[in-house]
Undergrad: 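Would you mind keeping the following structure in view while I ask a few things?
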Amino acid sequence: MERYHFKQIEAKWQQKWQEQGFYQVGADPSRPKYYLLEMFPYPSGDLHMGHVRNYSIGDVLARFKRMRGFNVLHPMGWDAFGLPAENAAINRGVHPADWTARNISNMRRQLQQLGLSYDWRREVTTCLPDYYRWTQWLFLQLYHHGLAYKKKAPVNWCPSCATVLANEQVVDGACERCDTPVTKRELEQWFFRITDYADRLLAGLDRLPGWPDKVKVMQENWIGKSPGLEIDFVLEGTDRTITVFTTRPDTVAGVTYLVLAPEHELLAFLGEVPNRSQVEAFQERVARLSSVDRASAELEKEGVPTGLYAVNPVTGEKVPVWVANYVVTEYGTGAVMGVPAHDQRDLEFARKYGLPVKVVIQPPATPLEPEAMTQAYTEPGLMVNSGPFAGLESEKGKEAVADFIAARGQGRRRVNYRLRDWLISRQRYWGAPIPIIYCPDCGEVPVPEADLPVFLPREVVFKPTGDSPLATCAAFMHTTCPQCGRPARRETDTMDTFVCSSWYFLRYTSPGDGREPFTRQETDYWMPVDQYIGGVEHAILHLMYARFFMKVMHDLGLVLDDEPFTNLLTQGMVLKDGGKMSKSKGNIVSPEEIIAAYGADTARLFILFAAPPERDLEWSEAGVEGCYRFLNRVWRLVSSWQGELAEVSAAETVKTKADRELRRQVHATVKKVTEDIELRFNFNTAVSAIMELVNALYQYREEVWSREPNPALVKAAVEKLLLLLAPFTPHITEELWEAMGHRESIHLATWPVADQEALAAEEVTVVVQINGKVRDRLTVPVGLREQALEEEVLRRERVAAYLAGKEIVKMVSVPDRLVNIVCR
RNA sequence: GCGGGUGUGGCGGAACGGCAGACGCGCCAGACUUAGGAUCUGGUGGGCUUCCCCCGUGGGGGUUCAAAUCCCCCCACCCGCACCA
């Protein structure tokens, strides 16, 4: 038989699969469905190894589930809006639409080379009007329900990308995309009211046992729920108050000063601030700091007194009001109470500026001395110096003080969140236009649904200025008011691309639908996604936004479920020489070159074999060659036998001990591979079990076949081998399956089931330990009872030698496993 | 600082509390060959007085007949969050 010509084989089957279209699926209520989804890629131009890993993992599961009888939805598409396309336009004069379309067709070709079992009829491309029309429609639904709104706010601005960013896109004070430090700008922007869903996003995590804890914890921290108390401190001599937020109402009596953030709005009334010039100078100094420096925890705490005083609502004491750099406007109320004895930051600040330290919580053991403290006491304790609350246990005191303040109207209980509303407008061209019109008479008017989509015009000017290119396009800008018909102007901002990717999984269920974004009948059948697979870098952004959207759509009656992804698998990165593959390091391995050199089956096999999916994977050319060798081994094994086996039709029989052992191993492998894929995603150990089976078959051929050939048995073994390997390496198995005389595709075959009877071995090796050390091993019939086993063990020469002159204290026996003799 | 994770041969990695190192890479030896960077077979954690034994899963303690695995303390690295009030 011929050598393993992977190139011809892969091309042949990819073409056949496409022609026959048997990865195409439709809703079928008579069969159990399985929706398998991998995060769709941004069409950057070329597939990278991370994609290959992501989609290889997904394809194994899709093919496996299909063979297990599920109706599998396995789609692919393109997250096609985004900045790189626009930068290409600015830098190289290519239109973003053309650049994107070219990249998509290239990457689609690369994906198809991998032999992935997608239903390509369902392909979704977010930058096409038939898709973004529905993104706009969904925006309008949110708008009509008060979940999309416009407000002027200090927002994150990336000077390099020339656009605003969501909080989630700012990392260490810099733009996550280009690392440029972000600046604050006061701008009118569109927001989605995700904070309304903070509690439900949090609670929903508990209903997602199929998600990694790591991701759930990250989302939990991001939402940052923090129940506490807001307290209004009256400013002495005015009718103004300063509202602070605290999680420690029990320490209010220990307040010795208040601190405002430099940007606090109260300071705008500078006329009332006695130390006006000092405060202004301080504000300017802080404002000059870059966002990166400001975000640093190392920043030295500094502040100035305002000369204002506030009254403690519990003690009636008069405390000074300061401005300091360690208080930020973004969190809470932008003002905090200073309790140096019980908060480390406050203590450091108080020591620096000589502010008093007042102990109001005493630890159970040694009493605190205010003058000597260098560490704030933050644990619970007994309340002291706290007027009516003295003597209370501080945990109870929290409630008592909160009740007291609330009852007197000096404050209120409040739950604070770290989560901010989602800023979705971008001053860029290559995104879905926000469907809003501004009319001089009617004001802000939503585009009527019948007028959707608001087309993105092709003819615009690309310049790296701060204005959206759409603002330079008169034909786009000028329109008429849908309400009064008079001249009006369109919103020129586009939507964050994360809006597009927050619902694409629903569109796959009803692609190309011109009347609805998705059909209820289809989503009811297919949703939720049973298994979602992607990189952990989306743990917060995409995965939280998509959950938010799903909940909103659920509330609007558009979908049944309110969580989109039942199970989540976060794959590790693909590394080279211990580091991330990157252009700057020059260590990129191109999937296309690997496929050209070894074939898609080898590339897939290596990437699945080299590490379990959650872990980072170290790329190794030698490892790839090993997998290539293995496939050649499979090829030679099967093709050398194929002539003798293809015509065999007799039922398998077991003639010899070797036969029985081979059959046992075949079924043990079936069991292991099935469990490794289904229960644990341990593709690496599944592959290794298949390798062992191949080794065993070689050995069988060497030692048994020439003497006592058993074609029926071997045929069954080889066919199971091919079936087990089919999800991993679809082309070679399809070719060999055909060679074995099958007319129908291996990928439409049924997954093998392990036979209990075949699994049962006759004999088993039992280990003998003496004082916990392995000293002997013996072969006994399976199921030998404890007593018989022990008798057998004690008859062993080696054991006797070890026991000579010793007394047996105890024997622990685990039938079919081991015997441990404890002696002295 | 808080939260999460990882730590096992030369390397990637296996081990329901029960034989540490499956499988693969690399290396060594042999076979077949004109040849081998093909293929097949065998070996391969370290030590040693070499077929006997000792040591060995980041380090130290503990539980147990038995610990890579469970508990406590510590170290290193990675990821996320971070003046969060």
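Just so we're on the same page: letters track the sequence lines, and every chain starts at 1.
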Undergrad: Can you tell which of B:rC65, B:rC83, B:rG80 lies closest to the side chain of A:Met218?
TA: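 Ranking B:rC65, B:rC83, B:rG80 by closest atom to the A:Met218 side chain puts B:rG80 first.
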Undergrad: Between the base of B:rC83 and the side chain of A:Lys301, is there any donor-acceptor pair under 3.5 Å?
TA: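 Present.
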Undergrad: Do the ring centers of A:Tyr257 and A:Phe349 come within less than 6.0 Å of each other?
TA: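 A:Tyr257 vs A:Phe349: aromatic centres under 6.0 Å.
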Undergrad: Using 30° and 60° as the class boundaries, would you call the ring planes of A:Phe498 and A:His538 parallel, tilted or perpendicular?
TA: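 Rings of A:Phe498 and A:His538: perpendicular, as their planes differ by over 60°.
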Undergrad: Within the structure provided, determine whether A:Phe6 and A:Thr602 are in side-chain contact (heavy-atom separation under 4.5 Å).
TA: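 The answer is no; the side chains never approach within 4.5 Å.
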Undergrad: Please state the P separation for the pair B:rC28 and B:rG45 - nearest whole angstrom.
TA: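 Between the two P atoms, the distance is 16 Å.
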Undergrad: With rounding to whole Å, what would you report as the distance between B:rC65 and B:rA14 at their P atoms?
TA: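 Straight-line distance between the two P atoms is 31 Å.
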Undergrad: Can you say whether a donor on the side chain of A:Asn820 sits under 3.5 Å from an acceptor on the base of B:rC65, or the other way round?
TA: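 Indeed, a donor on one side and an acceptor on the other fall under 3.5 Å apart.
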Undergrad: For the P atoms, the ones on B:rG4 and on B:rG59, what distance do you get once it is rounded to whole angstrom?
TA: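 It works out to 24 Å between them.
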Undergrad: Would you classify B:rG9 as syn or anti? Syn applies when the glycosidic angle is within 90° of 0.
TA: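 Here the answer is syn: the torsion falls within 90° of 0.
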Undergrad: Could you tell me whether the side chain of A:Gln219 and the main chain of A:Ala539 form a donor-acceptor pair under 3.5 Å?
TA: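 It does hold such a pair.
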Undergrad: Can you tell me how far P in B:rU6 sits from the matching atom in B:rC51, rounded to whole Å?
TA: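 Approximately 42 Å lies between the P atom of B:rU6 and that of B:rC51.
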Undergrad: Rounding to the closest angstrom, what is the interatomic distance between B:rG24 and B:rG13 at atom C1'?
TA: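 Roughly 9 Å separates the two C1' atoms.
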Undergrad: Does A:Asn221 put a side-chain nitrogen or oxygen below 4.0 Å from OP1 or OP2 of B:rG4?
TA: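 Result: no.
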Undergrad: Under 4.0 Å from OP1 or OP2 of B:rG24: is there any side-chain N or O of A:Arg633 that close?
TA: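 Checking A:Arg633 against B:rG24: no side-chain N or O falls below 4.0 Å of OP1 or OP2.
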Undergrad: Could you tell me if the side chain of A:Val822 sits less than 4.5 Å from the side chain of A:Asn771, heavy atoms only?
TA: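 Yes, their side chains come closer than 4.5 Å.
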Undergrad: Does A:Arg817 have a side-chain nitrogen or oxygen under 4.0 Å from the phosphate oxygens OP1 or OP2 of B:rG17?
TA: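 For A:Arg817, the contact criterion (side-chain N or O under 4.0 Å from OP1 or OP2 of B:rG17) is not met.
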Undergrad: Given B:rA15, B:rG7, B:rC65, identify the nucleotide with an atom nearest to the side chain of A:Val812.
TA: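 Among B:rA15, B:rG7, B:rC65, the one nearest the side chain of A:Val812 is B:rC65.
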Undergrad: If a pair means Watson-Crick or G-U wobble with both distances below 3.5 Å, what does RNA chain B look like in dot-bracket form, with | marking bases paired to a different strand?
TA: (((((((..(((.....[....)))((((((.......))))))(((.....)))..(((((..]....))))))))))))....
Undergrad: Hey, is the side chain of A:Arg775 poking within less than 4.0 Å of OP1 or OP2 on B:rC52, counting only N and O atoms?
TA: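 No, outside the criterion.
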Undergrad: Would you state whether a donor and an acceptor, one from the side chain of A:Arg777 and one from the base of B:rC19, lie under 3.5 Å apart?
TA: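 Such a pair exists between side chain and base.
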Undergrad: Does A:Arg3 have a side-chain nitrogen or oxygen under 4.0 Å from the phosphate oxygens OP1 or OP2 of B:rA38?
TA: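 Answer no for this pair, as no side-chain N or O of A:Arg3 is under 4.0 Å from OP1 or OP2.
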Undergrad: How far does the P atom of B:rG37 sit from the matching atom of B:rC27, given to the nearest Å?
TA: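 Rounded to whole Å, the distance is 10 Å.
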Undergrad: Between B:rU39 and B:rG56, how many Å separate the two C1' atoms, rounded to a whole number?
TA: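 It works out to 36 Å between them.
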Undergrad: So with a 6.0 Å cut-off around NZ of A:Lys7, is the heavy-atom count from everything else above 12?
TA: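 For A:Lys7, atom NZ is not crowded (no more than 12 foreign heavy atoms under 6.0 Å).
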Undergrad: Which nucleotide in the set B:rC84, B:rC23, B:rG18 lies at the smallest distance from any side-chain heavy atom of A:Ser688?
TA: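 Ranking B:rC84, B:rC23, B:rG18 by closest atom to the A:Ser688 side chain puts B:rC23 first.
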Undergrad: Of all residues at least two apart in sequence or in a different chain, which pass the side-chain hydrogen bond (donor to acceptor under 3.5 Å, both in side chains) check with A:Gln410?
TA: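 Testing A:Gln410 for side-chain hydrogen bond (donor to acceptor under 3.5 Å, both in side chains), a comparison that skips the adjacent residues, returns A:Arg408.
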Undergrad: Please give me the minimum heavy-atom distance between A:Thr256 and A:Lys358, naming the atom from each residue.
TA: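 Heavy atoms of A:Thr256 and A:Lys358 come nearest at CG2-CB, 3.9 Å.
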Undergrad: Distance check, C1' atoms only: B:rG5 and B:rG21, in whole angstrom units.
TA: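 23 Å, rounded to whole Å.
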Undergrad: Could you work out which one of B:rC83, B:rC40, B:rG18 sits closest to the side chain of A:Tyr698?
TA: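 Side chain of A:Tyr698 sits closest to B:rC40.
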